[in-house]
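Numbered from 1 within each chain, the chains take letters A, B, ... in sequence-line order.
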Protein chains: 2
Amino acid sequence: MPPCWISLRGSMARAAPLDPTSDAERYIVPGLQRGLQILRAFDRQRTQLGAPEIARELGIPRSTVFRLMQTLEYMGLLEKVDHSSEYRLGIGVLSLGFECLASMEVTELARPILDRLRDETGFSSHLAIRDGADVVFVVKSAAKAAFASSVTIGTRFPAHATILGRVMLADLSDSELQTVYPTGKLPRYSDQTPETVTALKKILEGDTSRGYALSAAYFEHGIGSIAAPVRDSSGRVIAAINVIFQDGKVEKNDYIDRVLQAASDLSRQLNYHPAVNKQERRTG
Amino acid sequence: MPPCWISLRGSMARAAPLDPTSDAERYIVPGLQRGLQILRAFDRQRTQLGAPEIARELGIPRSTVFRLMQTLEYMGLLEKVDHSSEYRLGIGVLSLGFECLASMEVTELARPILDRLRDETGFSSHLAIRDGADVVFVVKSAAKAAFASSVTIGTRFPAHATILGRVMLADLSDSELQTVYPTGKLPRYSDQTPETVTALKKILEGDTSRGYALSAAYFEHGIGSIAAPVRDSSGRVIAAINVIFQDGKVEKNDYIDRVLQAASDLSRQLNYHPAVNKQERRTG
DNA sequence: AAACGTTGTTTAATATATAAAACAACGTGT
DNA sequence: ACACGTTGTTTTATATATTAAACAACGTTT
């Protein structure tokens with residue numbers, strides 16, 4: 001069963017602005033906010049929804065949802081499912097997402113690199129970026145083998161529970177970590193997931209000194225992963241590359257260099273110039 | 001220079017509702033509509049925009065745009081570019097588009113088929129669906145050669161001017177064509193683009209009898225293409241598969257069967273059962 | 001340096017969307 | 001056949017978003 005935290009509500013406001021005079025939420029246009037909330041109510045599990053269902057879930061009056069959905073249909077973001085009264089996401093939403101992707105330089109450059117990594121290792125490889133406490137997959141090169149990655153582009157995971165995320169979190173300063181995790185508490189997904197920012201930092205220190213991260217038992221048993229950071233010209237980590245495989249069946253060390261190399265290649269294309277004490281690793 | 005009709009405004013309302021009592025546009029929520037218009041103002045050419053610019057372009061008061069953009073930022077669909085006052089599309093939009101893709105059965109099934117087609121022919125292959133008078137690319141398998149497809153997922157083209165589009169339009173009845181082209185006039189993109197629905201129908205008849213469509217001089221000189229329709233269990237054309245190549249340099253007939261086979265494979269996976277008089281074609 | 005055009009942000013009057021209520025049209029169970 | 005719960009749609013008073021105008025803070029030009 002697909003895990004429920006592959007949810008798209010990651011970067012999204014859950015509640016309506018509580019206090020109209022509160023700082024960040026002072027000028028929120030409800031019509032727009034709720035319209036977007038409606039769009040986000042659709043996901044892989046629930047691909048088609050009716051107005052009443054959404055109204056209940058979001059706590060918005062039926063007639064308002066009705067109007068909003070009509071607007072969304074008019075804009076091509078929703079479409080009526082056959083002749084029923086339910087809606088599903090319309091192809092119009094594609095334009096948005098892909099324009100976003102297309103405008104990200106990294107993704108353009110990453111594709112051939114991921115493909116090569118996939119060919120070299122035989123594993124599915126991904127490029128992900130961080131959005132707050134989430135990692136978001138933006139490019140994927142699926143393994144040709146029977147065991148291939150099932151994550152799709154746009155999928156979100158909790159950063160602290162994935163290798164990809166750890167590699168990116170490791171670049172943050174203490175104060176930046178504080179911003180990402182204001183409470184200091186982290187949700188658990190397996191018995192190895194760190195529970196507090198302090199515990200997370202310990203793990204990150206190890207990752208940082210090695211320059212890559214191993215194993216993914218923090219999140220899901222049986223899935224192994226190797227990840228390495230991608231840096232831009234300023235030296236900051238802006239993304240991460242990984243490969244995934246069935247844990248225990250592979251000798252991880254054989255692939256670390258490949259992943260590091262791919263990440264390093266991409267970093268170089270982004271005009272990252274490694275510091276002097278950074279050693280080049282190469283296989284063979 | 002990239003052509004301007006690779007625009008995402010295809011399925012979108014250009015003007016605000018003119019007459020509030022007119023039929024289809026009676027219940028449009030302006031806040032939502034304009035918020036989405038703002039999102040759509042971003043494209044490959046203009047990846048970052050400021051509020052004044054958008055206000056001018058859409059004819060919306062500055063202060064309104066300001067509020068809408070603040071809402072969009074709050075929802076994770078826009079993000080401030082560094083510390084300037086400009087915005088770019090945020091990663092939040094990915095969640096929308098890809099949930100849509102993920103919910104489309106075709107795309108899941110199409111990928112391996114497109115990859116095989118690409119490997120067999122050496123050309124970039126695509127799956128596209130039709131949205132009104134547009135074709136929208138939804139899956140792509142890029143050629144490994146130097147000459148690869150530059151279209152990205154989500155790209156829109158005028159259907160009547162592309163092979164992919166013709167293959168899908170050919171499945172429409174006269175009345176459906178009427179709905180798609182109410183005026184009967186078609187914009188021209190090359191001297192071979194049909195100008196009227198009547199002229200288009202002539203071409204479509206030929207495509208239908210052959211079961212595939214050839215050559216793309218209707219749209220852009222120098223680009224060749226072969227496309228074939230994908231049908232669902234009801235027998236209706238729901239998508240189309242194509243390969244593209246540099247025109248004149250290849251013997252098209254060598255590849256027609258491959259494309260037909262790929263389209264047929266995908267159709268069969270969608271539970272399409274060909275009619276009795278439909279002959280199976282196979283190479284070798 | 002002063003005048004000007006930008007732009008980001010806020011205010012306040014007015015135009016407008018909202019949401020409760022009501023209606024119609026279903027299906028479902030009794 | 002009737003009562004009941006759904007749902008799609010429309011109305012209408014009221015709550016709310018909109019927008020012109022104004023302010024502040026820039027950078028340019030003269």
Q: Mind calculating the distance between CZ (B:Arg56) and C1' (C:dT6) to the nearest angstrom?
A: 10 Å

Q) How many angstroms lie between atom CG of B:Leu172 and atom OH of B:Tyr181, to the nearest 0.5 angstrom? A) 8.5 Å

Q: Could you list the residues that satisfy salt bridge (Lys or Arg N to Asp or Glu O under 4.0 Å) with A:Glu73, not counting sequence neighbours?
A: none

Q: Could you state the atom-to-atom distance from CD of A:Gln70 to C1' of C:dA17 in whole Å?
A: 14 Å

Q: Sequence neighbours left out, what passes side-chain hydrogen bond (donor to acceptor under 3.5 Å, both in side chains) with B:Arg62? Give chain and number order.
A: none

**Q.** Side-chain donor or acceptor of B:Arg231 paired with backbone N/O of B:Asn271 under 3.5 Å
**A.** no

Q: With sequence neighbours left out, write down each residue that passes side chain to side chain contact (heavy atoms under 4.5 Å, CB included) with B:Pro187, or none if nothing qualifies.
A: B:His160, B:Tyr189

Q.
For a quick test of reading the model, state the closest non-hydrogen atom pair linking A:Ala239 to A:Ile129 and the distance between them.
A. CB-CG2, 3.9 Å

Q. Among all residues two or more places apart in sequence or in another chain, which pass the salt bridge (Lys or Arg N to Asp or Glu O under 4.0 Å) test with B:Lys201?
A. B:Asp174

Q) Do the non-hydrogen side-chain atoms of B:Thr71 and B:Leu77 ever get within less than 4.5 Å of each other? A) no

(Q) Could you tell me how far apart B:Gln33 (CD) and D:dT18 (C1') are, to the nearest whole angstrom? (A) 15 Å

Q: Return the angle between end axes of the helix from C:dA1-D:dT30 to C:dT30-D:dA1, with five pairs used per end and rounding to 10°.
A: 20°

Got a list of protein N/O to nucleotides 18-21 of chain C N/O distances below 3.5 Å?
{"residue": "C:dA19", "atom": "OP1", "partner": "A:Arg34", "partner atom": "NH2", "Å": "2.9"}
{"residue": "C:dA19", "atom": "OP2", "partner": "A:Arg34", "partner atom": "NH2", "Å": "2.5"}
{"residue": "C:dA19", "atom": "OP2", "partner": "A:Thr64", "partner atom": "OG1", "Å": "2.6"}
{"residue": "C:dA19", "atom": "N7", "partner": "A:Ser63", "partner atom": "OG", "Å": "3.1"}
{"residue": "C:dA20", "atom": "N6", "partner": "A:Ser63", "partner atom": "OG", "Å": "3.4"}

Q: Whole angstrom is fine here: how far is it from CZ in A:Phe66 over to P in C:dA24?
A: 16 Å

